[in-house]
Amino acid sequence: IVGLQLTTLTVFAGAFGVGIGFGMQQIVVNFISGILLLVERPLATTDIVKVDQYEGEVTRIGIRSLTVKTFDNQRVIIPNSSVITKPFTNWTRTDDIMRTLLMVGIGYDDDPHQAVALVLEKVKAHPAVLENPGSKVLLWEYGDSALMLRIQFHTRIRGEIGRGDVRSQILFAIWDAFKEAGITIPYPQRDVHMHAAD
């Protein structure tokens, strides 16, 4: 009666419905993922996590998304589906103990037994390094220019001294101990052979 073509209106309504359906699909996925997070509890507020490229402390878990406060003091809103459908790391799921690995090279003319003993002494002497799990210093490989020592120790993420500070302080202590003992940290070296032209 009005003069509208019902076929055109039907096509428009169908396209509109499909668009709404696709738009609602992600919302429903995030909603269901939020329920799964609340039921399974793979993470909780105050946990230290890494989701995709974002690492920091979980400050809020909602039905649609969670909020992570990064170490740069940024608040990142992450859809719940990213946590449910992709691998993520929860550093504090059961405890806040984390291992740190360091690699230090010494010269081939130096005594590796002495170097290992010195480094282990300095690592164990640091107040933030845990006794259990124990620390290790290993002669790891014969490098091109140095004997490589692998240093591993454990600290608490929420300790009084930050993990980066502990790492720096131990490296300084190793540097001072090597200087005092006359142990060298060599520069990369290359042998160049020159052949005279005929």
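Source: prediction; values computed, not measured.
For Y54, the OH atom counts as loosely surrounded, since its 6.0 Å shell holds 12 or fewer non-hydrogen atoms of other residues, nucleotides or ligands. F172 CZ: 12 or fewer foreign heavy atoms inside a 6.0 Å radius. The 12-atom threshold is exceeded at CD of Q53, counting heavy atoms of other residues, nucleotides or ligands nearer than 6.0 Å. Enclosure of atom CG in D109 is not indicated, since only 12 or fewer non-hydrogen atoms of other residues, nucleotides or ligands lie within 6.0 angstrom.
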Under the side-chain contact (heavy atoms from CB on, under 4.5 Å) criterion, do V119 and V104 qualify, and how do the steps go?
CA-CA 10 Å; V119 172; V104 175; 5.9 Å; no
Step by step, work out the side-chain contact (heavy atoms from CB on, under 4.5 Å) result for I78 and D52.
CA-CA 9 Å; I78 300 174; D52 290 334; 5.5 Å; no
Can M103 and R150 be said to form a side-chain contact (heavy atoms from CB on, under 4.5 Å), step by step?
CA-CA 5 Å; M103 299 296 294; R150 175 186 165 111; 3.7 Å; yes
Starting from the C-alpha separation in whole Å, work towards a yes-or-no answer on side-chain contact (heavy atoms from CB on, under 4.5 Å) for I77 and R64.
CA-CA 10 Å; I77 310 300; R64 189 191 65 82; 4.1 Å; yes
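Under a hydrophobic clustering in which Ile, Leu, Val, Met, Phe, Trp and Tyr are joined whenever their side-chain heavy atoms come within less than 4.5 Å, directly or via other members, F88 and W91 fall into different clusters. There is no path of hydrophobic side-chain contacts, each under 4.5 Å, that joins F71 to L66. Note on F153: it clusters hydrophobically with L139, by side-chain heavy-atom contacts below 4.5 Å among ILVMFWY residues. In the hydrophobic clustering of this structure, I151 groups with L171; members are Ile, Leu, Val, Met, Phe, Trp, Tyr whose side-chain heavy atoms approach within less than 4.5 Å, directly or through other members. Note: the hydrophobic cluster containing W140 does not contain I174 (ILVMFWY, side chain heavy atoms under 4.5 Å, direct or indirect links).
Interatomic distance, L120 CG to L138 CG, rounded to the nearest 0.5 Å: 9.5 Å. One distance of note links CD1 of I84 with CD of E40; it measures 5.5 Å at 0.5 Å rounding. For the atom pair E121 CD and H126 NE2, the distance stands at 14.5 Å (nearest 0.5 Å). Taking CG from L147 and OH from Y142, the interatomic distance works out to 7.0 Å, rounded to the nearest 0.5 Å. Rounded to the nearest 0.5 angstrom, K50 NZ and T70 OG1 are separated by 13.0 Å. Annotation: the span from T92 atom OG1 to L43 atom CG amounts to 9.0 Å, rounded to 0.5 Å.
By the 4.5 Å heavy-atom criterion applied to side chains, R158 and T46 are counted as neighbours. A 4.5 Å side-chain heavy-atom check between I170 and V129 finds at least one atom pair inside the cut-off. You'll find the side chain of M98 stays beyond 4.5 Å of the side chain of H154, heavy atoms only. Residues D96 and I48 fail the side-chain proximity criterion, which asks for heavy atoms closer than 4.5 Å.
Without hydrogens or angle criteria, D47 side chain to V49 main chain gives no donor-acceptor distance under 3.5 Å. Under a 3.5 Å cut-off, the side chain of D110 and the backbone N or O of T184 do form a donor-acceptor pair. Judged by distance alone, with hydrogens and angles left aside, the side-chain atoms of T67 form no donor-acceptor pair with the main-chain N or O of T59 at under 3.5 Å.
G105 approaches M148 most closely through the heavy-atom pair CA-SD, 3.8 Å. When all heavy atoms of A181 and L118 are compared, the pair lying nearest together is CB-CD1, 3.6 Å. Pairing each heavy atom of L101 with each of R167, the nearest pair is O-NH1, 3.7 Å. For A44 against V58, the heavy-atom pair with the smallest separation is O-CB, 3.6 Å. Residues P186 and G107 approach most closely at CD-N, 3.6 Å, considering heavy atoms. Annotation for N80 and I63: closest pair ND2-O, 2.7 Å, computed over non-hydrogen atoms.
Remark: R93 engages N90 in a side-chain contact (heavy atoms from CB on, under 4.5 Å) (not counting sequence neighbours).
With a 4.5 Å cut-off between side-chain heavy atoms of Ile, Leu, Val, Met, Phe, Trp and Tyr, the cluster of L130 takes in I97.
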